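FYI, side chains are in, hydrogens and waters are out, and symmetry mates aren't considered; it's all heavy atoms of this structure. To find a chain, count down the sequence lines: A is the first, B the second, and so on, and within it residues start at 1. If you're wondering where the values come from, they're calculated on a predicted model, not measured in any experiment.
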Number of protein chains: 2
Amino acid sequence: MSQIDLSERQRQVLATVVAHYVVSGSPVGSRTISKARPDHLSPASIRNTMADLEEMGYLAQPHTSAGRVPTDLGYRFYVDSLMSQRPPGKDDLETMRHVLLASENDQGIDEILSRSVKLLAGLSSQVGVVLAPRFSHAVLKRLEFLRISEDRVLALFISQTGMVDHRIVPMKESLSEAELTAVNNLVNENFAGLTLPEIRSRVLQMMRQEKALYDRLLARAMEMSSHYLDQREEGADELLVDGTFNVVGEPDFADVEQMKRLFKAFEDKNRLVELLNACLQQNKPQVIIGKECLDPGFEDLTIISSPYRYRERPVGALAVIGPRRMDYERLITLVDSFSRFLTESLARRTRMTGSEQAEHQKNGTEDTCDP
Amino acid sequence: MSQIDLSERQRQVLATVVAHYVVSGSPVGSRTISKARPDHLSPASIRNTMADLEEMGYLAQPHTSAGRVPTDLGYRFYVDSLMSQRPPGKDDLETMRHVLLASENDQGIDEILSRSVKLLAGLSSQVGVVLAPRFSHAVLKRLEFLRISEDRVLALFISQTGMVDHRIVPMKESLSEAELTAVNNLVNENFAGLTLPEIRSRVLQMMRQEKALYDRLLARAMEMSSHYLDQREEGADELLVDGTFNVVGEPDFADVEQMKRLFKAFEDKNRLVELLNACLQQNKPQVIIGKECLDPGFEDLTIISSPYRYRERPVGALAVIGPRRMDYERLITLVDSFSRFLTESLARRTRMTGSEQAEHQKNGTEDTCDP
DNA sequence: ATTGGCACTCGTCTGTGATGAGTGCCAATG
DNA sequence: CATTGGCACTCATCACAGACGAGTGCCAAT
């Protein structure tokens, strides 16, 4: 990293350029900076410093006689070492508390998430994205098979946090009501408190055991569970997007062709899911600036993302997506505190339905998890 | 209606203007039309006719020395009386058949719908919208209450067509497993084969009956059902939207401010739901052109919508939304045949799970329905 | 090292004139 | 009497030119 060898003045100038550019949107010149400084350094001196910064790749000129704009590298340096880390704005915090707590008493985590994404878009004036808790991290509270026709059952998955998922599973040979109840009991006895990957390995393990060969119902239980697991894939329906209209009319996206690509990117949710998944392991907000994101269509965007947790594990993420020219200082703290809020909210949900917590410990989930 | 008193020539000219304008996008002049006619009527004559049409409100001039463009009224007359009704394109039909039949064997009506909306957007190159089957028209196959904590149960609604809905319902006093099973039995005995509004009135009716006062479990069953019904509202999650990027960069939406409003409209799904609901009672594709839609934000749009049916009743709708300048002929037939396809697809789904059909008849649903 | 001065660059704005598509009107025509 | 050719007029679009000004780089003086 060549970042250490920036002089104090260079750092200050770069910071001022970024600060001005993100609000004005037009290249900032030496005069502007000179005036913004407490010591009245002349424009000429600033020009020298700016020329240095340009040489080092932190600034760029749109054309010869224009001011400077930050490059991706310039922004990067700004967020990494220049930006002051203010606490989040009181207003933002207050609104978040208000909206999220209001929906917490309602049921349905879906509701909280959909409000969250709207709020995130609203507060940031950018595109808001929320990746719903991944089912692969969800802890099973109950798995139930319900008959819906002669040869098909509905598999119903309920997680500790209250997420619900259902799939239709074919049934090779019909089971009586009593048998189906027995199957349900078997399933819940064996799987309660486990995550999906854990259930998968448990299923494989049990299918190998001799016992299953003789206990017909157990065999069926494992078979149906296995079917359900196969049906479940991480799909695009787990991603919420809102606020795309915020990005329409941004001067930064003047080019129509580019804008078209942009919207295609927002509708292709699979790619967004991948992007957000990538940030799950971080424990600070992650900032991806322009070309740092290799995905085509995102070259001119910045993504600020942060995971939220459940039981110390990251289970989902939220992000703000906008033009590279954005208010990093505010938005990073916004995303950060938003993810904390969601984490706390999930924790509170567990406490509400906490009766099964002991059971979870008993099954020893903590050690056998894969990310 | 003053539509009858258009002379044959006026009709032809109007038709030609629309036909040319929808493909070229620029105002069409008298010369162009003159050349397009088999009889070589001179531009001057055409001009006279066009002046007439303008006076009558079917055409308009963007500015003095430009050609004519159709007005809302002009388009209206075109779709009502001028347009030839071609059968849908072989290609479109083939693609629809291919995509829809492929997903039919999968489970999950959600999957079919989400593929449909993507396909609709793709084929039309406009914004595609699908209103999922309204639960208020759904016929209950099974309603199940599942305990998820001491004081809350999950209400699970499964319809004949395989739609699934779930809500969390609070439970005032705890019920034992056996009691809950009894409640479930009571509920299904009473409600199977009914639609939601029917269930609602049945609940009210039963709560009034003396019997319920004495049968504690029956009272609880009704109370919980009532809770579920209250939770259920027609929400925004029933609407699928795709292809918004198709509308970005349309020359018709040059104005940025307008485009912003447009995207806000697409994200405010409640309003779209209302719009589509309005077309449920039609049995032909409905076309709403520009200012005919009173909703602000839609003044410059055209909506082509058509309901799809289940058991002879309209249960959902699909639509194509785009600029007023669109290929009405192709898109109307497209939407029309698409809705037929969906209707047929739903019918086939019933046949697949047809074992309960008799039961449905028995409960006498056909007469007691409200729209 | 800092600064004022100066020539230079180049995007933006403004005005002008040419171009051409298209119109409305009118008088001539079959 | 509908149709038509001719003609003057309108107006958006384009290209070109000049003025303007923000901003730069360089250099010599402090």
Using only heavy-atom distances, determine whether the side chains of B:Glu267 and A:Thr244 contain a donor-acceptor pair under 3.5 Å.
yes
Length of the NE2-P vector between A:His63 and D:dG21, whole Å
16 Å
Could you walk me through whether B:Tyr78 and B:Tyr58 pass the ring-ring contact (aromatic ring centres under 6.0 Å, His included) check?
CA-CA 10 Å; B:Tyr78 177 77; B:Tyr58 296 108; over 10 Å; no
To the nearest Å, give me how far apart CG (A:Leu41) and P (C:dG4) are.
10 Å
Would a distance-only check, ignoring hydrogens and angles, find a side-chain to backbone donor-acceptor pair under 3.5 Å from B:Ser84 to B:Arg86?
no
Strictly below 4.0 Å: does A:Ser45 bring a side-chain N or O up to OP1 or OP2 of C:dT3?
yes
With sequence neighbours left out, write down each residue that passes side-chain contact (heavy atoms from CB on, under 4.5 Å) with B:Arg47, or none if nothing qualifies.
B:Ser30, B:Pro43, B:Ala44
Distance-only, no hydrogens or angles: does the A:Gln61 side chain make a donor-acceptor pair with backbone N or O of A:Ala66 under 3.5 Å?
yes
Which whole-number value in Å describes the distance from B:Gln61 CD to C:dG22 P?
11 Å
Rounded to whole Å, NE2 of B:His20 lies from P of C:dA21 at a distance of 16 Å
Considering only heavy side-chain atoms of B:Ser42, the closest of D:dG5, D:dT24, C:dT23 is D:dG5
Would you classify A:Thr64 as touching base, sugar-phosphate or nothing, given that sugar-phosphate means primed atoms plus P, OP1 and OP2, and contacts are heavy atoms under 4.0 Å?
sugar-phosphate
Is DNA chain C part of any stem, that is, at least 3 consecutive Watson-Crick or G-U pairs with both distances under 3.5 Å, and where?
C:1-30 with D:1-30
Side-chain N or O of A:Arg68 less than 4.0 angstrom from OP1 or OP2 on D:dA22?
no
Give a yes/no answer on whether the side chain of B:Arg9 brings an N or O atom under 4.0 Å of OP1 or OP2 in D:dT3.
yes
Heavy-atom side-chain contact between A:Asn246 and A:Gln126 under 4.5 Å:
no
Report the distance from atom CZ of B:Arg47 to atom C1' of D:dC7, rounded to the nearest whole Å.
11 Å
Would you kindly give the CD1-to-P distance between B:Ile33 and C:dT23, to the nearest whole Å?
9 Å
Hey, is the side chain of A:Ser65 pairing donor to acceptor with the base of C:dT9 inside 3.5 Å?
yes
Between A:Leu53 (CG) and D:dT24 (P), how many Å, whole number?
12 Å
Taking CG from A:Asn48 and P from D:dG23, how many angstroms apart are they, rounded to a whole number?
17 Å
Intermediate values then yes/no, salt bridge (charged side-chain N to carboxylate O under 4.0 Å, His left out), A:Arg76 and A:Asp80:
CA-CA 6 Å; A:Arg76 167 57 53 201; A:Asp80 284 348; 3.3 Å; yes
